Amino acid sequence: MKNKNYPLYHFLPELHSLRELLELKRDAYPLDVAFQWMEGRKTLREKTYLEFYQDVQRAGAYLMRYRLRGQHIALMGENSYPWLVAYFAIVLTGNVAVLIARDAGNLEVVQLMRQSDASMLIYSPQCEAKAAFCRQTFGRKKRYFSLALFPRALEKGQRYLSRGRYNFEAVETDPDALCTIFFTSGSTGFSKGVMLSQTNMVSDINYAVQNFVPGGPTMAVLPFHHAFGLVTSVMMPIHYHVPIFICGNLANFMREVPIAKPQILFLVPLFVETFSKTIWRTAEKQGQAKKLLSGMRLSDALLKVGIDRRRELFDSVLSKFGGNLEYIICGGAPLDPRYVKEFRSLGIEILNGYGITECSPVLAVNRNHWVCDGSVGQVLPGVQLKIDNPDKHGEGEVCVDSRVVMLGYYNDPAATAQVMEGPWFHTGDRGYLNKDGFLFITGRKKNLIILSNGENVSPEELEQYVSRISEVSEVVVYEREGKITAEVYPEESDLPRQEVARRIRKKLEKMNATLPACKHVQKLVVRETPFEKTTTAKIKRYKVGG
């Protein structure tokens, strides 16, 4: 199909609650596989839609036994099937799920539990030490439950249900009420508790499935405690009725992806960049880099005349990802368009998208057959978007009015008031819409560098250029003492640090020669260590010298 506009997809029923999401799949596809995961290195486990619903029902009955209703329950752990069952059981019994990163420090876990008024902590065995620290801090004021006891809890829940007690299905929840607290990534400092309702999340699902449709299974890699990882890469595929392979540990990804054989992945740019580097390093080690490059050029030429030989030309590359990968939905941070073109040549279409936790989270995404490289795609139906206070180029702050907009920040009316103007949520991101309705994000409003001559410079744009320097692994651009400064962490090298810095400076000079004077990088800082990052691999900019 040619790259052109076409009607939205309308093949899925509209959702009104998370319970309805699970019930629809239970009734329509009871014996179809919903989830898969590896138990150890050899055993593949599976759960059908019916089994998943029954496990949520049992876990819900277990929670009801302890009169947990209207409580804020913290959930912390790696991606796992028990984590998902616990999440849906919490929400569908009328409680609020407070999602905490498994790698949060002890003091941060305590802070987030206090901040969210959590009365209970459900945690994975890997987080036992953090739970012990919470017990020491809070004493008997909180309840605790280890997912190591998950099988026993399901057994007890089944006994309660068999006796006609704690009827999970009789629980009524308000879809418009708070059901989940997600914490912002903290790339700019203090994490705020984003309050989302079931209506927020299912509305985002309803809108997004009209823009894009997958054609096969997926692999859930992104952390479930983030909206992108939970709503987009788990809830949405459930609605699509495609099997979800749960990857519990990023270190296991390359070992498990040939087993999962995903047709689609939901990823952040760091994964895409890492995949690209791995592909080229492997080719160079095998002396196949020139062959790979010529193959990509041949692939592009054939595509222009309507011939697709990518699966044959790059079988050895694609097999590393299971052999079936066709789409990567990428979001969470800016992605250099060169990766889109590179992976397209190999046979994988990267559909860049845009979202923010406060909007449940997806707001725009490129479509299966309607894409614009460099953009974050078409704005979702059901999302009213405007560019506030646009400049002469039509660029301004992206604002949103939709059912996907959050209820507010938990216990923080001042922070909520800062981003809400009537029904409009101010994202803090700058961007513009082109004539075909594709959205382009140019950077964060708060990161904008305003020069003494009044020129505005987006650091994200310059970071994209600097990251193309082969010696650069990570980069942050900022203004210091009136100079645009690039702070970089270099790629691993056997060369002396001074030589690496010299090569980067030389390439910066060449880069500057292609840019307007106002965008020239005037100072280079070379780091000894990687930048500190959030759990979604975003660099914590507030910790970078500026």
Side-chain angles (χ1 to χ4, degrees), residues 1 5-36 47-53 56 84 87-88 91-92 173 175-176 179-180 196-220 222 224 227-246 262-266 324 326-329 331 349 351 353-355 359-371 377-384 402-405 437:
M1 186 174 183
N5 199 358
Y6 62 102
L8 297 172
Y9 298 105
H10 292 289
F11 66 98
L12 289 171
E14 182 178 345
L15 297 173
H16 302 91
S17 70
L18 293 179
R19 182 184 291 276
E20 184 182 20
L21 170 65
L22 300 194
E23 290 177 344
L24 280 172
K25 303 309 163 185
R26 175 203 64 185
D27 296 341
Y29 313 102
L31 302 182
D32 287 2
V33 173
F35 297 101
Q36 297 178 312
K47 287 284 184 176
T48 66
Y49 290 103
L50 175 60
E51 289 171 330
F52 178 56
Y53 182 86
V56 172
L84 288 174
Y87 170 79
F88 280 98
V91 170
L92 299 184
T173 60
D176 295 324
C179 78
T180 307
L196 296 185
S197 66
Q198 293 185 55
T199 296
N200 289 146
M201 292 186 279
V202 298
S203 293
D204 201 59
I205 295 170
N206 290 333
Y207 302 155
V209 297
Q210 295 180 57
N211 259 28
F212 172 82
V213 58
T218 185
M219 188 175 187
L222 301 176
F224 293 163
F228 190 21
L230 181 60
V231 181
T232 310
S233 63
V234 175
M235 294 181 186
M236 214 169 286
I238 290 176
H239 198 34
Y240 280 130
H241 174 227
V242 298
I244 302 167
F245 189 102
I246 301 170
Q263 186 262 352
I264 179 173
L265 289 172
F266 298 87
N324 296 323
E326 293 182 35
Y327 291 108
I328 293 175
I329 302 290
E349 190 70 39
L351 300 179
Y354 167 68
C359 292
S360 307
V362 183
L363 292 171
V365 68
N366 280 280
R367 305 191 62 201
N368 295 66
H369 309 292
W370 182 220
V371 303
Q378 293 279 309
V379 177
L380 300 186
V383 171
Q384 188 176 355
S402 172
R403 291 167 69 85
V404 304
V405 174

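We're numbering straight along the sequence, starting at 1. These numbers were taken from a predicted model, which means no experiment stands behind them.
The minimum heavy-atom distance between L196 and S360, with the atom names listed, is CD2-OG, 3.6 Å. Between A220 and S233, the shortest heavy-atom contact is CB-O, 4.2 Å. Taking each heavy atom of Y9 and N211 in turn, the nearest pair found is CE1-O, 3.6 Å. Considering all non-hydrogen atoms of both residues, L18 and Q198 come closest at N-OE1, 2.9 Å. Among all heavy-atom pairs drawn from P237 and F266, the shortest one is CG-CE1, 4.0 Å.
No donor-acceptor distance shorter than 3.5 angstrom exists from the side chain of Q210 to the backbone of L8, with no hydrogens or angles considered. Between the R19 side chain and the L92 main chain, a donor and an acceptor come within less than 3.5 Å of each other. Put simply, the side chain of Q263 gets close to the backbone of G215: a donor and an acceptor are under 3.5 Å apart. Using a distance-only test at 3.5 Å, with no hydrogens or angles considered, a donor-acceptor pair links the side chain of S197 to the main chain of N200. A distance-only check finds a donor-acceptor pair linking the side chain of D204 to the backbone of V362 [under 3.5 Å]. Side-chain atoms of S402 come within 3.5 Å of backbone atoms of G382 as a donor-acceptor pair (strictly under, hydrogens ignored).
In this structure, the separation between CE on M219 and CD1 on I246 is 10.5 Å, given to the nearest 0.5 Å. Here the straight-line distance linking atom CD of E51 with atom CZ of F35 works out to 11.5 Å at 0.5 Å rounding. Taking OG1 of T180 as the reference point, atom CG of L230 lies at 7.0 Å (rounded to 0.5 Å). Of the inter-residue distances, the one linking E23 atom CD with E20 atom CD reads 8.0 Å to the nearest 0.5 angstrom. If you take OG1 on T48 and OH on Y53, they are separated by 13.5 Å, rounding to the nearest 0.5 Å. Rounding to the nearest 0.5 Å places OG1 of T218 at 10.5 Å from CD1 of I328.
Using a 30° and 60° split on the angle between ring planes, Y29 and Y49 fall in the tilted class, from 30° to 60°.
Residues meeting the ring pair (Phe, Tyr, Trp, His ring centres under 6.0 Å) test with F212, sequence neighbours left out: Y327. Residues forming a side chain to side chain donor-acceptor pair (under 3.5 Å) with T199 (at least two apart in sequence, or on another chain): D176. With sequence neighbours left out, the salt bridge (Lys or Arg N to Asp or Glu O under 4.0 Å) criterion links E326 to no other residue.
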Derivation and outcome, side chain to side chain contact (heavy atoms under 4.5 Å, CB included), residues V91 and T173: CA-CA 8 Å; V91 170; T173 60; over 6 Å; no
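With contacts defined as side-chain heavy-atom distances shorter than 4.5 Å, the pair L12/H241 does not qualify. Between V209 and Y240 the shortest side-chain heavy-atom distance falls below 4.5 Å. At least one side-chain heavy atom of P361 sits less than 4.5 Å from a side-chain heavy atom of T232. By the 4.5 Å heavy-atom criterion applied to side chains, L24 and P13 are counted as neighbours. At a threshold of 4.5 Å between non-hydrogen side-chain atoms, the residues V234 and Y87 do not count as touching. Between H16 and V202 the shortest side-chain heavy-atom distance does not fall below 4.5 Å.
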